Amino acid sequence: MKEVLTNPVSGYYMHRNVIGGNGDFITSPELGQLFGEMVAIWCFNEWQKIGSPIPLQLVEMGPGHGSLAEDVLRVFDRFGVRNEVSLHLVEVSPYLSQMQAQTLCEKTIRPSEPTQLYYQLGTTAKNIPVFWYNSIQDVPRQFSCFLAHEFFDALPIHKFQRTEAGWREILIDIDPAADTVKFRYVISRMSTPASKVLIKADEKRDHVEVCAEGGVILQHLATRLEEDGGFALFADYGHDGSKTDTFRGFRDHQLHDALVDPGSADLTADVDFSYFKTCTEDKLLTFGPVTQREFLKRMGIDIRLQILLKNCDEKQRENLLLGYHMMVDQDKMGERFKLFSLFPSVLKEHLIRFPVTGFADS
Ligand code: SAH
C-alpha cells in the first residue's frame with residue numbers, strides 16, 4: 001500500500017492530481033467553503049478556550065489541494081489572528097505540494113541545499129509563512145493545532161485473519177495459475193512479527209486491519225501535545241473498532257479491485273479509532289469518533305448555510321446545497337466520516353468544565 005501510493009517514481013499520489021471531479025475521489029474540503037469554515041471555527045474556539053497561546057503553529061498532514069488550510073487561515077484572519085500564526089504542511093507528493101503552493105502562496109521557494117528540515121517555503125498574500133515537510137517528525141516542536149483530513153486512511157495497514165492455529169497475516173502474492181502477472185491474497189502459513197505484536201489480547205473480531213504507521217504518528221503526537229501543548233482534529237472514513245475488512249481501491253469515483261493495476265487507483269482502509277486510543281491512552285484525552293453529520297451540525301453548519309444562501313446566485317446556490325448534502329446526509333459522507341480529537345491530559349479538568357465543541361451536545 002505504501003509503495004503503491006507514495007513510491008517516489010510511480011506512487012499514485014506523487015505526480016498527478018487525484019482529487020476532485022477529474023480525479024478519482026472527492027473530499028469534503030473540496031466541496032466548497034462550509035467544511036473548512038466549521039473546522040476553522042472549531043480550532044479557533046478550542047484555542048481561545050485555553051487562552052490563545054502564541055505563537056500558534058497550524059499543522060496539516062496530507063493537505064491535498066490546500067483548500068482546508070486556506071479556509072482555516074481565512075477564518076483566522078477574519079478573527080484578527082495573523083502575525084501569531086504559521087502554517088506547516090506534511091506532504092510527500094511533489095505534485096500536490098505545488099498545487100498547495102498555488103492555492104495558498106504568493107511566492108514559494110525550494111531551497112536547493114536543504115539545510116533546514118522543510119523542503120519548500122512560501123508566504124501567503126497576508127504574509128503568513130508556510131513550510132512543507134516530508135514527515136511530521138520534522139515539524140518544529142511548539143504549541144500546535146494538528147489537522148488531518150483523509151490522511152490516515154491512506155497510510156498502509158496490516159491485515160490479519162483469526163485461524164484455528166491463531167492469528168495469521170494476510171499477504172499479497174503473485175498468482176501462479178494466471179497467464180499474466182496477477183496478484184492475489186494469501187494467508188501466511190506461520191505467524192509473522194506483525195501478527196505477534198499488533199493484535200490486542202482481547203480482540204473479538206475475526207479479521208482485523210491495523211495501521212501501525214498511524215499508530216507511530218499518534219505516539220509522536222502524544223509526546224508533542226504533552227510536552228509542547230496543542231490539540232488535534234482528524235476526519236476520516238472510520239469506526240471505533242467494529243469493522244473488519246475495509247481495504248479497497250477507488251478509481252474514477254468507482255470502487256476498484258485493489259490488486260488490479262496497482263498505482264492506477266487510490267487505496268484506502270477505514271481508520272480504526274479504537275486502535276488510535278490504545279496508542280495514546282496514558283498521555284492523551286481522546287474525543288470521538290462522532291459522525292461528520294453530528295459534528296458539522298453542532299458546529300452550526302445549518303446557520304452558516306442559510307447565511308451563504310442569502311447572498312448567492314442560482315449556480316452558487318446549487319453548488320452550496322449539493323456540497324452541504326454530500327457532507328451531512330446519512331447516506332453520503334455524513335455517517336461514514338468520523339471526527340476524532342486529541343488533547344493533552346493536563347486539560348482534563350478544564351475540558352470537563354468546558355467540553356470540546358462538536359463532540360457532545362451542549
Ligand atoms: N486532505 C486532503 C487530501 C486527502 S488525500 C483532502 O481531504 O482533500 C491524502 C493526502 O495525503 C494527499 O495530499 C497525499 O499526497 C498525502 N499523503 C499520503 N500519504 C502520505 C504520507 N505518508 N505522508 C504525508 N502525506 C501523505
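Ligands are counted one by one from 1 in listed order, and the atoms in each one are counted from 1 as well. Everything numeric here is computed off the predicted structure, so don't read it as measured data.
In summary, the atoms of ligand 1 found under 4.0 Å from a heavy atom of Thr6, numbered by their order in the structure, are 19 (N). Near Ser93, meaning under 4.0 Å from any of its heavy atoms, are these atoms of ligand 1: 15 (O). The atoms of ligand 1 that sit less than 4.0 Å from any heavy atom of Thr27 are 6 (C), 7 (O), 8 (O). For ligand 1, the atoms closer than 4.0 angstrom to any heavy atom of Ile19 are 3 (C). Near Leu96, with a cut-off below 4.0 Å to any heavy atom, the atoms of ligand 1 are 12 (C), 13 (O), 15 (O). Close approach of ligand 1 to Leu155 is summarised as follows: ligand atoms under 4.0 Å from at least one heavy atom of the residue are 22 (N). In the vicinity of Phe151, heavy-atom distances shorter than 4.0 Å reach the ligand 1 atoms 11 (O), 20 (C), 21 (C), 23 (N), 24 (C), 25 (N), 26 (C).
Comparing heavy-atom distances from atom 3 (C) of ligand 1 across Pro94, Ala148, Gly64 singles out Gly64 as nearest. Remark: among candidates Glu91, Met14, Lys2, Gln100, the nearest residue to atom 15 (O) of ligand 1 is Glu91, based on non-hydrogen atoms.
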Note to self: Before you tell me yes or no, could you show the steps for Ser97 and Gln100 under side-chain hydrogen bond (donor to acceptor under 3.5 Å, both in side chains), namely the whole-Å CA-CA distance, both residues' side-chain angles and the distance that decides it to 0.1 Å?
What the structure shows: CA-CA 5 Å; Ser97 68; Gln100 292 148 21; 5.5 Å; no
Notebook entry, point to check: Taking it one step at a time, do His65 and Asn17 satisfy side-chain contact (heavy atoms from CB on, under 4.5 Å)?
Noted result: CA-CA 9 Å; His65 293 179; Asn17 177 24; 2.7 Å; yes
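Ligand 1 has no atom lying under 4.0 Å from any heavy atom of Leu5.
Side-chain contact between Glu91 and Tyr133 is absent, with no heavy-atom pair separated by less than 4.5 Å. In this structure, Glu209 and His158 have side chains that are not in contact, with every pair of non-hydrogen atoms separated by 4.5 Å or more.
Note on ring orientation: taking the six-membered ring where Trp is involved, the planes of His149 and Phe337 are parallel (angle under 30°, cut-offs 30° and 60°).
The protein atom (non-hydrogen) at minimum distance from atom 9 (C) of ligand 1 is Glu150 O, 3.4 Å. When only non-hydrogen protein atoms are considered, atom 2 (C) of ligand 1 lies nearest to Gly62 O, 3.4 Å. Looking only at heavy atoms of the protein, atom 23 (N) of ligand 1 is closest to Val92 CG1, 3.6 Å. Protein heavy atom nearest atom 7 (O) of ligand 1, with residue, atom name and distance: His149 ND1, 2.6 Å.
Side-chain contact annotation: Ser274 with Asp272, donor-acceptor N/O pair under 3.5 Å present. Glu203 and Trp167 form no side-chain donor-acceptor contact under 3.5 Å, judged by distance and modelled atom types alone.
Once rounded to the nearest 0.5 Å, the distance linking CG of Leu104 with OG1 of Thr123 reads 11.0 Å.
Stacking of Arg251 on the aromatic ring of Phe25 is not recorded, the 6.0 Å distance cut-off and the 45° axial limit not both being met.
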